[in-house]
Amino acid sequence: MPFTPTGIAGLLIYEPKVLTDARGYFFESYNAQTFQQEGLSFPFVQDNQARSTYGVLRGLHYQLEPYAQTKLIRVLEGSIIDVVVDIRKGSPTYGQSYEIELSAANKLQLLVPKGFAHGYAVISETAEVMYKCDAFYNKACEGGIIYNDPALQINWGIDLKDAIISEKDQTLPTLENAANNFTY
Ligand SMILES: Cc1cn([C@H]2C[C@H](O)[C@@H](COP(=O)(O)OP(=O)(O)O[C@H]3O[C@H](C)C(=O)[C@H](O)[C@H]3O)O2)c(=O)[nH]c1=O
């Protein structure tokens, strides 16, 4: 069973089948049929890749409709604490956060449906993060939630006083103040 539920509707952990031999390993990092067999189908249109050093914290970000994005996130190098927050109005887990370590070593991927804010913190010396999106980047539809919102109590896995955070992310609103914008 390649998909593991998280207790939050639609948010799934995907563990690809790794084939090893004397040369190393091979795995299909994404195969639409594997997802379709589980009733999952996403018109991924954009792949993103970001490189960061230890302590970089990106997020929490989302895009509003009509550019809300499903994301399939994986780590090519290093290790991150990947974090999502359910911002789907009416969801029984609205406002609930979920954290998971994704790494080149564990090869786990996180399938994040539309209606979640997403971020990650790098816990290795460097990390290369790659994720598929089923909607294009649209700056006008971008929104965010401040990483240290006391209502969320997120454990980013790093000492926040050492975190490397963009000026944009340091001025994001709390979930409560951002909620008026949500279109999910
Ligand atoms: C997201 C994005 C950004 N950009 C440009 C905009 C800036 O000139 C530059 C860096 O963007 P930003 O600082 O928003 O990058 P991150 O902080 O990694 O943003 C991402 O952080 C969290 C983890 C996410 O899940 C989102 O995909 C995304 O918001 O790339 C693009 O050209 N295309 C894009 O799809």
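Here, residue 1 is the first one in the sequence, and each next residue gets the next number. Counting convention: from 1, in listed order, for ligands and their atoms alike.
- Between Y137 and ligand 1, not a single N/O pair is under 3.5 Å apart.
- Using a 4.0 Å threshold on non-hydrogen atoms, atom 7 (C) of ligand 1 does not count as touching the protein.
- Among protein heavy atoms, the minimum distance from atom 27 (O) of ligand 1 is reached at Y131 OH, 2.7 Å.
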Inset, instruction - Go through the steps to decide whether T53 and E125 satisfy the test side chain to side chain donor-acceptor pair (under 3.5 Å), and finish with yes or no. - result: CA-CA 6 Å; T53 55; E125 188 176 339; over 6 Å; no
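- The cationic atom of K107 (NZ for Lys, CZ for Arg) lies less than 6.0 Å from the six-membered ring centre of Y25 and within 45° of the ring axis.
- The pair D134-K71 does not meet the salt-bridge criterion, since no charged nitrogen lies less than 4.0 angstrom from a carboxylate oxygen.
- If you take CD on E28 and OH on Y30, they are separated by 11.5 Å, rounding to the nearest 0.5 Å.
- Heavy atoms of other residues, nucleotides or ligands lying less than 6.0 angstrom from OH of Y67 number 12 at most.
- Here the rule is side chain to side chain contact (heavy atoms under 4.5 Å, CB included) with L57, and of D162, L160, D169, I164 only L160 fits it.
- A151 meets the side-chain contact (heavy atoms from CB on, under 4.5 Å) test with D149; sequence neighbours excluded.
- Residue Q69 has no N or O atom closer than 3.5 Å to an N or O atom of ligand 1.
- Counting heavy atoms under 4.0 Å from ligand 1, residue Q46 touches it through the side chain alone.
- Scanning the protein heavy atoms around atom 16 (P) of ligand 1, the nearest turns out to be R58 NH1, 3.7 Å.
- A salt bridge links E77 with R51: the closest approach of a Lys/Arg side-chain nitrogen to an acidic carboxylate oxygen falls below 4.0 angstrom.
- Contact annotation: K168 has at least one heavy atom less than 4.0 Å from an atom of ligand 1.
- Close approach of ligand 1 to Y120 (heavy-atom distance below 4.0 Å) involves ligand atoms 23 (C).
- Below 3.5 Å of separation, one finds an N or O of K71 facing an N or O of ligand 1.
- Proximity of Y62 to ligand 1 is not established, as no heavy-atom distance is less than 4.0 Å.
- Scanning all protein heavy atoms for the shortest distance to atom 29 (O) of ligand 1 gives H61 ND1, 2.7 Å.
- Within a 4.0 Å radius of atom 20 (C) of ligand 1, the protein contributes at least one heavy atom.
- Only the side chain of E142 comes within 4.0 Å of ligand 1, counting heavy atoms alone; its backbone N, CA, C and O stay farther away.
- Under the 4.0 Å distance rule, the nearest protein heavy atom to atom 25 (O) of ligand 1 falls inside the cut-off.
- Ligand 1 places these atoms under 4.0 Å from at least one heavy atom of N48: 35 (O).
- Using a distance-only test at 3.5 Å, with no hydrogens or angles considered, no donor-acceptor pair links the side chain of E142 to the main chain of Y137.
- Cation-pi geometry between K17 and F27 is not satisfied (NZ or CZ under 6.0 Å from the ring centre, within 45° of the ring normal).
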